[in-house]
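First up is the structure itself, then whatever we jot down about it.
We name chains A, B, ... by the order of the sequence lines, and we start the count at 1 in each one.
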Amino acid sequence: MKLESHFNLDYTLSCGQVFRWGKANGWWYGIVDGSILKVRQEGDELHFSAYPEDVEDEFIKSYFRLDDDLTNILRIINKDATINKAIQQFNGLRIVRQSVWDCLISYVCATNASIAIIESMLRNLSEMFGDEIVVNGKAFFSFPKVKKLAKASVNKIKLCNVGYRARFLSEIAKQVENNPNLLEELRNSDYLKLRDELRSLPGVGPKVADCVSLFAFDKLEAFPIDVWIRRVIYQIKGAAIPRTKDGTEKPLTVSEYTELSSFARRHYGKFAGYAQEYLFYYIRSKDR
DNA sequence: CATTGACCTGTACAT
DNA sequence: CTGCGCAGGTCAATG
């Protein structure tokens with residue numbers, strides 16, 4: 001497929017927004033909606049195939065948000081020296097359009113865990129509760145379906161080494177099982193209402209709700225704040241991070257979260273979520 | 001509201 | 001080798 005606007009596959013899949021992609025022999029392999037996707041970029045050509053069933057160009061365009069006017073978005077969010085450097089370094093990074101269920105479960109798992117551990121948890125869950133898909137002799141496992149997870153006991157879910165998150169996953173799965181439209185009917189809500197609704201789910205606080213709003217509900221103004229983003233925002237504001245007496249960073253409170261994320265929306269505008277992704281990748285990259 | 005502590009797990013890093 | 005801090009937070013209990 002010929003790319004019509006600028007895009008960088010490596011940045012997009014490496015920046016930490018998705019957990020189920022890996023690169024091998026020059027190809028990216030990912031598990032998306034029960035299909036194995038194999039993708040490679042060569043300049044302005046994007047090569048891809050999918051198993052067990054092929055996917056259309058339209059699916060790829062939607063998944064990688066190639067329909068976003070990235071040039072315009074980057075121009076709008078380019079408001080300070082820090083993000084300017086991030087944009088220059090990682091130009092072509094796009095937000096991935098994830099499915100709601102997978103995204104929600106993934107980010108509930110992502111709380112208080114490192115990326116390596118998150119990937120391990122999601123792999124374990126998929127191997128335990130997903131469907132096996134064999135491609136070229138290699139076994140992949142699709143993401144657990146609602147029903148499978150809703151039926152599973154908390155103790156069985158714990159066998160996936162998800163720790164205390166097991167009861168959240170179980171509870172969310174049961175709620176969605178009982179009300180299959182629970183998540184999709186939120187699509188009509190505006191960002192703030194959506195965020196509050198998501199937060200009513202167990203294990204979903206402001207950070208997870210913002211991630212799901214941004215990655216799965218097209219709310220590009222959502223600005224998830226974690227410890228890293230918090231540091232950059234204070235840096236950009238020219239202020240110091242609140243610290244305890246012994247000099248360590250104070251934990252982020254809900255009110256501080258609200259304050260910082262509305263600052264980010266005022267500062268970067270309606271595409272603040274894109275700014276967040278660029279800043280996150282930038283602040284975490286070794287060579288700044 | 002702000003503060004505090006507990007919470008699963010695996011890896012990093014110092015002792 | 002053993003121990004301890006921390007990682008893309010959230011929740012519940014207190015003042």
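Judged purely by atom type and a 3.5 angstrom limit, A/D68 has no side-chain atom pairing as donor or acceptor with the backbone of A/L70.
Distance A/E256 CD to C/dT10 P: 14 Å, rounded to the nearest Å. If you measure from atom CZ of A/F280 to atom P of C/dA7, you get 11 Å, rounded to the nearest angstrom. Per the geometry, CD1 belonging to A/I118 stands 13 Å off C1' belonging to C/dC6, to the nearest Å. Here the P atom of nucleotide B/dT4 and the NZ atom of A/K250 are 8 Å apart, to the nearest Å. As a whole-Å value, the separation of A/L169 CG from C/dT10 P is 14 Å. Separating the CZ atom of A/R284 from the P atom of C/dC6 is a distance of 15 Å, rounded to the nearest angstrom. As rounded to whole Å, 7 Å separates atom P of C/dA12 from atom CZ of A/F168.
A/E119 comes within contact range of no nucleotide atom at all, as no heavy-atom separation falls under 4.0 Å. Contact annotation for A/V204: backbone-only contact, meaning every heavy-atom pair under 4.0 Å involves sugar-phosphate atoms and none involves a base. Among the heavy atoms of the strands lying under 4.0 Å from A/I115 is at least one base atom, whether or not backbone atoms are also near. Within 4.0 Å of A/I157, counting heavy atoms only, lies no atom of the nucleic acid at all. Within 4.0 Å (heavy atoms only), A/V208 reaches sugar-phosphate atoms of the nucleic acid but no base atom. If you check every strand for non-hydrogen atoms under 4.0 Å, A/Q276 touches a base.
A side-chain donor-acceptor contact under 3.5 Å links A/S126 and A/R20.
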Legend entry - Base versus backbone protein contacts along nucleotides 8-15 of chain B [heavy-atom cut-off under 4.0 Å; B, S, -]: BBB-----

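C/dT2: Watson-Crick or G-U partner is B/dA14, with both key distances under 3.5 Å. Across all strands shown, nothing is found opposite B/dC8 as a Watson-Crick or G-U wobble partner with both distances under 3.5 Å.
Distance check on atom P: C/dT10 versus B/dT11 gives 24 Å, rounded to whole Å. Nucleotides C/dT2 and B/dC8 are separated by 25 Å at their P atoms, to the nearest Å. Here, C/dC4 and B/dA6 have their P atoms 15 Å apart, quoted to the whole Å.
Counting only residues at least two apart or in different chains, ring pair (Phe, Tyr, Trp, His ring centres under 6.0 Å) contacts with residues 44-100 of chain A comprise A/F7-A/F64, A/Y11-A/F90, A/F90-A/Y281.
With sequence neighbours excluded, the residues satisfying ring pair (Phe, Tyr, Trp, His ring centres under 6.0 Å) with A/Y107 are A/F19, A/F215.
By the neighbour-count criterion of 12 heavy atoms within 6.0 Å, atom CD of A/E132 is densely surrounded, having more than that number from other residues, nucleotides or ligands. Heavy-atom contacts from other residues, nucleotides or ligands closer than 6.0 Å to NZ of A/K237 number more than 12.
Checking A/R97, A/K61, A/E4 one by one against A/D67, the side chain to side chain contact (heavy atoms under 4.5 Å, CB included) holds for a single residue, A/R97.
The CD1 atom of A/I83 sits 4.0 Å away from the CG atom of A/L279 when rounded to the nearest 0.5 Å.
Toward the 5' end of DNA chain C, the nearer of the two residues A/R231 and A/R199, judged by each one's closest nucleotide, is A/R231.
Of the candidates C/dT10, B/dA2, C/dG9, the closest approach to any side-chain atom of A/V227 belongs to C/dG9.
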